[in-house]
Amino acid sequence: MLKAAIIGASGYTGAELAGLIQGHPSLTLSGLYVSAGSQDAHKSFSSLYPRWRGLIDLPLLPLDEDAISRIHTDADLVLLATAHEVSHDLAPGFLAKGPPVFDLSGAFRVPGNGFYDKFYGFHHQHGDWLAKAAYGLAEWNQDAIKAAQLIAVPGCYPTASLSALKPLQAAGLIAGGSRPIISAVSGVSGAGRKASMNNSFCEVSLKPYGVFNHRHQPEISHHLGEQVVFQPHLGNFIRGILATVYVQLADGVSDEQIAEAYHNAYDGQQIVRLASQWPQINDVAGTPFCDLHWARDGNQLIVVSAIDNLLKGAASQAIQCINIHQGFSPLAGLVKE
């Protein structure tokens, strides 16, 4: 059993990670940590998430110097479910001690001068690790994930969008000079657990945000290798993402070529499911799956992608990356085999 430390365990993604590791046949929890000044420090995990009462009653320990030393000594791998700047500061210290780091923030996802200054509001000081990090889109980057010491787990919107677009891009089916358009809606849990008026459920109404300046647009474009138009929306539901992707096809593309592109990409992958009907949030909420369906009218293709933002968009994809990295079964801890 490999011992996993979770930093940021009190948040929604950290809690999902704890539950998945608790049920994993080859992983065990070595410790659950929160920031040193967190109001959740020293509380039991199950007092925050009562569904885990009697199963995960570990304390949420403050991440002080003693805790960091303990993680260096005890943990076989480290998961960072922390803010971007926090992951940026913490990851190199853990990496220097040897254990692989699986970072669920955006701190190491996109190399490039000025990217973090513009889209994340801080200056990146670890360009060496940024260049060496593997992008953890599990179905598409397995060799790099297996070899890397630092795995940058993708954002939830990019996971939904890239899962829909990469088969088409890889097969050369997207019209040259066109920009796929992604219109995606996320549940309120994507805004995190900290209370604010923006994510108060009584205040939430379906609305767009981040128009032309959302940080996931350059992440999607970089890892697709083509520019996209990306528009996120906040929906009045708890969890899940539904992304509707509009693609201009190259001339002469047939239905058979489209189907072949998706089957070549995902047959045997098991987590990405090619659905026979249009996906909906209820099909995937609470699961690690990504469901895809498409239809075309002439050269216009519409692909719909549905995921759980906290699972395939974060925690369960991190477990996929751990499974790949450690040579475990791809479905270990995710689906009963």
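As the structure is a prediction and not an experimental result, all values here were calculated from the model. For the single chain, residues carry numbers from 1 onward in sequence order.
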- Item | Separation between OG of Ser47 and NE2 of His42, rounded to the nearest 0.5 Å | 13.0 Å
- Task: Taking side-chain hydrogen bond (donor to acceptor under 3.5 Å, both in side chains) as the test, write out the residues that go with Asn282, two or more places apart.
- Result: none
- Could you verify whether a donor N or O on one side chain and an acceptor N or O on the other, from Glu139 and Gln320, lie under 3.5 Å apart? yes
- Item | In one Ile/Leu/Val/Met/Phe/Trp/Tyr side-chain cluster, 4.5 Å: Ile319, Phe45 | yes
- Message: Could you go through Gln231 and Gln217, starting from their C-alpha distance and side-chain angles, then the distance that decides it, and tell me whether this counts as side chain to side chain donor-acceptor pair (under 3.5 Å)?
- Response: CA-CA 8 Å; Gln231 181 54 56; Gln217 184 277 330; over 6 Å; no
- Item | Gln149 (side chain) donor-acceptor with Leu95 (main chain) under 3.5 angstrom | yes
- Message: Looking at Leu29, is its backbone amide N or carbonyl O close enough to the side chain of Gln22 to form a donor-acceptor pair, meaning the two atoms are under 3.5 Å apart?
- Response: no
- Above 12 or not: heavy atoms from other molecules or residues under 6.0 Å from NZ of Lys118? no
- Task: Could you walk me through whether Val335 and Gln270 pass side-chain contact (heavy atoms from CB on, under 4.5 Å), step by step?
- Result: CA-CA 10 Å; Val335 179; Gln270 299 178 283; over 6 Å; no
- Ignoring hydrogens and geometry, is there a side-chain-to-backbone donor-acceptor pair from His293 to Ala275 under 3.5 Å? yes
- Query: Between Val303 and Tyr246, is any pair of side-chain heavy atoms under 4.5 Å apart?
  - Reply: no
- Query: Is the side chain of Asp308 donor-acceptor paired with the backbone N or O of Leu311 at a distance under 3.5 Å, no angle test?
  - Reply: yes
- Non-hydrogen side-chain atoms of Leu48 and Leu60 separated by less than 4.5 Å: yes
- Verdict with supporting geometry, Ile307 and Phe289, side-chain contact (heavy atoms from CB on, under 4.5 Å): CA-CA 6 Å; Ile307 66 169; Phe289 298 114; over 6 Å; no
- Message: For the backbone of Ser205 and the side chain of Asn236, can you confirm whether one donor and one acceptor N or O come within less than 3.5 Å of each other?
- Response: no
- Salt-bridge criterion met for Glu226 and Lys166 (N-O under 4.0 Å): no
- Item | side-chain contact (heavy atoms from CB on, under 4.5 Å) evaluation trace for Trp294 with Val245 | CA-CA 9 Å; Trp294 66 90; Val245 184; over 6 Å; no
- Asp40 side-chain N/O to Ser10 backbone N/O, donor-acceptor pair under 3.5 Å: no
- Query: Going by the angle between their ring planes, with limits at 30° and 60°, are Tyr120 and Phe115 parallel, tilted or perpendicular?
  - Reply: tilted
- Item | Cation-pi check, Arg273 onto Tyr266 ring (under 6.0 Å, within 45° of axis) | no
- Test side-chain contact (heavy atoms from CB on, under 4.5 Å), reference Tyr33, set Thr82, Ile7, Ile6, Val78, output is Ile7
- Heavy atoms only: give me the nearest Leu17-Ala81 pair and the separation to one decimal. CD1-CB, 4.3 Å
- Message: What's the separation between atom CD1 in Ile281 and atom OG in Ser186, rounded to the nearest 0.5 Å?
- Response: 8.0 Å
- Examine Val34 and Leu32 and state if one hydrophobic cluster contains both, with Ile, Leu, Val, Met, Phe, Trp and Tyr joined whenever side-chain heavy atoms are less than 4.5 Å apart. yes
- Query: Just by modelled atom types, is the Val228 backbone N or O under 3.5 Å from a matching donor or acceptor in the Ser221 side chain?
  - Reply: yes
- Rounded to the nearest 0.5 Å, what separation is found between the CG atom of Leu165 and the NE2 atom of His223? 14.0 Å
- Task: Would you check if the side chain of Ser254 reaches a backbone N or O of Gln257 as a donor-acceptor pair within less than 3.5 Å?
- Result: yes
- Query: In terms of the angle between their ring planes, are His214 and Tyr209 parallel, tilted or perpendicular, with boundaries placed at 30° and 60°?
  - Reply: perpendicular
- Message: Using the rule that Ile, Leu, Val, Met, Phe, Trp and Tyr join whenever any side-chain heavy atoms are under 4.5 Å apart, tell me whether Leu90 and Leu104 fall into a single cluster.
- Response: no
- Item | Note, Ser26 side chain near Gln326 side chain (heavy atom, < 4.5 Å) | no
- Message: Contact between Cys290 and Ser305 at the side-chain level, heavy atoms closer than 4.5 Å - yes or no?
- Response: yes
- Message: Is the shortest side-chain heavy-atom distance between Ser189 and Asn309 below 4.5 Å?
- Response: yes
- Is the closest side-chain donor-acceptor distance between Arg215 and His84 under 3.5 Å? yes
- Message: A quick test of your reading: do over 12 heavy atoms of other residues, nucleotides or ligands sit less than 6.0 Å from CG of Asp267?
- Response: yes
- Message: What's the separation between atom OG1 in Thr159 and atom CD1 in Ile241, rounded to the nearest 0.5 Å?
- Response: 8.0 Å
- Query: So, Lys146 and Asp143, do they make that salt bridge, N to O below 4.0 Å?
  - Reply: no
- Under a 4.5 Å cut-off applied to non-hydrogen side-chain atoms, are Val304 and Pro279 in contact? yes
- Residue pairs passing the salt bridge (Lys or Arg N to Asp or Glu O under 4.0 Å) test with at least one member in residues 50-75, sequence neighbours excluded, are Glu16-Arg51
- Side-chain donor or acceptor of Tyr116 paired with backbone N/O of Gly106 under 3.5 Å: yes
- Query: Are the side chains of Asn299 and Val253 in touch, meaning some heavy atoms are under 4.5 Å apart?
  - Reply: no
- Co-membership, hydrophobic cluster, residues Val110 and Leu137, 4.5 Å side-chain: no
- Message: Using only atom types and a distance under 3.5 Å, with no angle test, would you say the side chain of Gln317 pairs donor to acceptor with the backbone of Ala138?
- Response: yes
- Query: Is the CD1 atom of Ile238 crowded by more than 12 outside heavy atoms at less than 6.0 Å?
  - Reply: no
- Does the side chain of Glu219 come under 3.5 Å of the side chain of Tyr135 through a donor N or O and an acceptor N or O? yes
- Task: Kindly indicate, with the supporting measurements, whether the criterion side-chain contact (heavy atoms from CB on, under 4.5 Å) is fulfilled by Asp103 and Ile151.
- Result: CA-CA 6 Å; Asp103 177 28; Ile151 292 86; over 6 Å; no
- Looking at CD of Gln142 and CG of Asn323, how far apart are the two atoms once the value is rounded to the nearest 0.5 Å? 10.5 Å
- NZ (Lys3) and CD1 (Ile21) are apart, to the nearest 0.5 Å, by 14.0 Å
- When clusters are formed by joining ILVMFWY residues with side-chain heavy atoms under 4.5 Å apart, either directly or through shared neighbours, do Val101 and Ile71 land in the same one? yes
